[in-house]
Amino acid sequence: MTPKTIMKTIAVIPAAGLGKRLGNKKKPFLMLSGMPLLAHTLRAFEECASIDGIIITTATEDIERCREEVVNKYDFSKVIAVVSGGKERQESIANALEEVGDTCEVVVVHDAARPLVTPEVIECTVKAAGESGAAITAVPLKDTVKSVSGGRVQETLRRDTLRAVQTPQAFKSDILKRAYAQAKEDGFVGTDDSSLVERLGITVTIIDGNNSNIKVTTKEDIVIAECLLKEKL
Ligand code: CTP
Ligand code: MG
């Protein structure tokens, strides 16, 4: 394993959610195609050459289980820490960032709940962040999107200008740390990491993601993820 002191690119994998929309099932330990969901996610990072280290955040009571049933069992040698998450995703990532050392140049954040991410997409996002400071993956929308209020349509948004944003999202380490510190100071809570960075006035590069990189959120997604993993689409 690369010594922690010279790690240039670190992946932060938030896995401390409650899985409420899945009937309170802890998604990281959900078995998919014979392996815990989190193991599928970690495998992509383990196989991605540009990743030096991985930090996982999980619920405090699941730290040992995460080490035993996932990290040790599947021999994920790049994992440098498993830390306690917080109440919100943002808090979980803030905890992980405390473990990111000063030699780290790029941090790539990726939801544990997206087990179909590929090493190629991670590589591409990390490279773009190294060059421009901030890069996120996104896909065009399939549905038409409208803003609504009180059960009525307010406006139809122009679909060609919209993107559905995924993870991985990668940033120069100092930018992401600054964004998290500023959000904390301002009491701002975002639904992704990029929104914290955007508040600093930093331009974020869009990388073409894959439709198969779904976030397992509701029970239908388990069926879809199983199929995609089998087909390796
Ligand atoms: N996450 C986290 N800490 C939290 C909340 C979420 O680390 N306090 C992680 C989840 O484990 C997941 C990712 O952030 O990998 C994206 O969150 P989401 O898909 O919303 O998962 P959950 O929060 O577990 O699901 P739900 O919102 O349905 O409870
Ligand atoms: Mg959630």
Side-chain angles (χ1 to χ4, degrees), residues 10-32 35-46 51 54-67 69-71 74 76 79-100 107-118 121-122 125 136-139 164-171 176 179-180 183-184 187-197 209-226 228-229:
I10 290 181
V12 166
I13 311 289
L18 298 173
K20 280 185 242 156
R21 285 167 287 178
L22 206 57
N24 294 314
K25 279 203 188 86
K26 295 262 175 88
K27 293 190 273 195
F29 302 105
L30 203 81
M31 293 305 279
L32 281 183
M35 215 162 65
L37 179 148
L38 178 60
H40 288 282
T41 310
L42 291 176
R43 189 159 73 175
F45 285 84
E46 196 76 25
I51 300 297
I54 301 170
I55 299 170
I56 304 165
T57 67
T58 187
T60 310
E61 67 271 20
D62 292 330
I63 290 181
E64 265 323 296
R65 185 177 180 200
C66 179
R67 288 209 181 100
E69 293 180 22
V70 182
V71 179
Y74 297 94
F76 290 123
V79 175
I80 52 172
V82 184
V83 302
S84 282
K87 212 163 171 282
E88 303 288 336
R89 178 184 182 278
Q90 192 167 315
E91 218 180 300
S92 295
I93 291 165
N95 290 354
L97 288 179
E98 306 225 335
E99 298 294 315
V100 171
V107 175
V108 52
V109 181
H110 181 73
D111 293 327
R114 293 184 188 269
L116 280 135
V117 65
T118 63
V121 166
I122 300 166
T125 315
I136 64 174
T137 49
V139 288
V165 168
Q166 309 173 328
T167 65
Q169 299 194 351
F171 310 90
L176 190 62
Y180 264 78
K184 189 176 179 189
F188 175 83
V189 180
T191 52
D192 74 346
D193 307 284
S194 178
S195 58
L196 276 57
V197 169
N210 297 323
N211 283 322
S212 54
N213 183 21
I214 62 161
K215 182 157 73 70
V216 174
T217 308
T218 57
K219 61 182 190 321
E220 300 79 19
D221 298 326
I222 299 175
V223 181
I224 298 167
E226 284 267 15
L228 292 170
L229 284 167

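In listed order, ligands and their atoms are each counted from 1. For the single chain, residues carry numbers from 1 onward in sequence order.
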Visitor: Under a strict 4.0 Å criterion on non-hydrogen atoms, which protein residues are in contact with ligand 1?
Guide: Pro14, Ala15, Ala16, Gly17, Leu18, Gly19, Lys20, Arg21, Lys27, Thr57, Gly86, Lys87, Glu88, Arg89, Ser92, Asp111, Ala112, Ala113, Lys215
Visitor: Please find the pair of heavy atoms, one from Asp62 and one from Lys26, that lie closest to each other, and give the distance.
Guide: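 Nearest pair, atom of Asp62 first, then Lys26: OD2-NZ, 2.8 Å.
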Visitor: In terms of side-chain heavy atoms, does Asp192 have a donor or acceptor partner in Ser195 at a distance below 3.5 Å?
Guide: yes
Visitor: Does a salt bridge link Glu46 with Arg43, judged by any charged N lying under 4.0 Å from a carboxylate O?
Guide: no
Visitor: Could you walk me through whether Leu22 and Ile222 pass the side-chain contact (heavy atoms from CB on, under 4.5 Å) test, one step at a time?
Guide: CA-CA 9 Å; Leu22 206 57; Ile222 299 175; 3.9 Å; yes
Visitor: Check step by step if side-chain contact (heavy atoms from CB on, under 4.5 Å) holds for Leu38 and Ile13.
Guide: CA-CA 9 Å; Leu38 178 60; Ile13 311 289; 4.1 Å; yes
Visitor: Kindly determine whether Arg89 and Asp111 satisfy side-chain contact (heavy atoms from CB on, under 4.5 Å), including the steps that lead there.
Guide: CA-CA 9 Å; Arg89 178 184 182 278; Asp111 293 327; 2.9 Å; yes
